[in-house]
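Structure, as structure tokens:
As the structure is a computational prediction, the values presented were derived from the model and not from experiment.
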Amino acid sequence: MSYTKYGISPQLVERIKLKMKQPAMKERVKQIVDGVTKADLQNRQTVRRLLRKVTSALNESISAQQEEAIVQFVLAQKIDPNNTFHLLKLWGMFR
């Protein structure tokens, strides 16, 4: 679990995964990230804004330290949402 190397707690990830199994929550998050590009996911401010929107939609509160860890994780992954391999890699990390 490479996200733990960034200081992201497994308990937080489990809570989010549980909430994402609810169709209504999942749909809200899908609407927020719809149209996100690789450039967006490499821009610190955009990632931070998306993270805040998603945590708000999921009724999750995270500390500034957790927020910074998640932003660092996303930037380090160099995610391309149009690349199926990247998406499968992420899916495998959080199954």
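With hydrogens and angles disregarded, no donor-acceptor distance shorter than 3.5 Å links the side chain of Lys26 to the backbone of Lys21. Not a single donor-acceptor pair under 3.5 Å links the side chain of Glu60 to the backbone N or O of Ile16. Under the 3.5 Å distance criterion, the side-chain polar atoms of Ser56 are left unmatched by any main-chain donor or acceptor of Arg52.
Scanning both residues, Thr4 and Pro10, for their nearest heavy atoms gives CG2-CG, 3.8 Å. Pairing each heavy atom of Leu41 with each of Val74, the nearest pair is O-CG1, 4.0 Å. Minimum heavy-atom separation, Lys38 to Ile79: CG-O, 3.6 Å. The two residues Lys19 and Leu58 come nearest to each other via the heavy atoms NZ-O, 2.8 Å. Of all the heavy atoms in Val71 and Arg44, the pair that sits closest is CG1-NH1, 3.6 Å. The minimum heavy-atom distance between Asp40 and Val47, with the atom names listed, is O-CG2, 3.6 Å.
Between Ile70 and Glu67 there is no side-chain heavy-atom pair separated by less than 4.5 Å. In this structure the side chain of Gln31 never reaches within 4.5 angstrom of the side chain of Asp34, judged on heavy atoms. In this structure, Ile8 and Gln66 have side chains that are not in contact, with every pair of non-hydrogen atoms separated by 4.5 Å or more.
The line from CG of Leu50 to CD of Gln45 is 11.5 Å long, rounded to the nearest 0.5 Å. With rounding to the nearest 0.5 angstrom, the CZ atom of Arg49 is 5.0 Å from the OG1 atom of Thr46. Summarising the geometry, atom CG belonging to Leu18 is positioned 10.0 Å from atom CE belonging to Met25; distances are rounded to the nearest 0.5 Å. To the nearest 0.5 Å, atom CD of residue Glu68 and atom OH of residue Tyr6 are 12.0 Å apart.
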Note to self: As a quick check of understanding, evaluate side-chain contact (heavy atoms from CB on, under 4.5 Å) for Asn43 and Leu75, giving each step before the final call.
What the structure shows: CA-CA 8 Å; Asn43 181 317; Leu75 293 175; over 6 Å; no
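The neighbour count for Lys53 NZ, taken as heavy atoms of other residues, nucleotides or ligands under 6.0 Å away, does not exceed 12.
Remark: the Arg28 side chain and the Gln22 side chain contain no N/O donor-acceptor pair separated by less than 3.5 Å.
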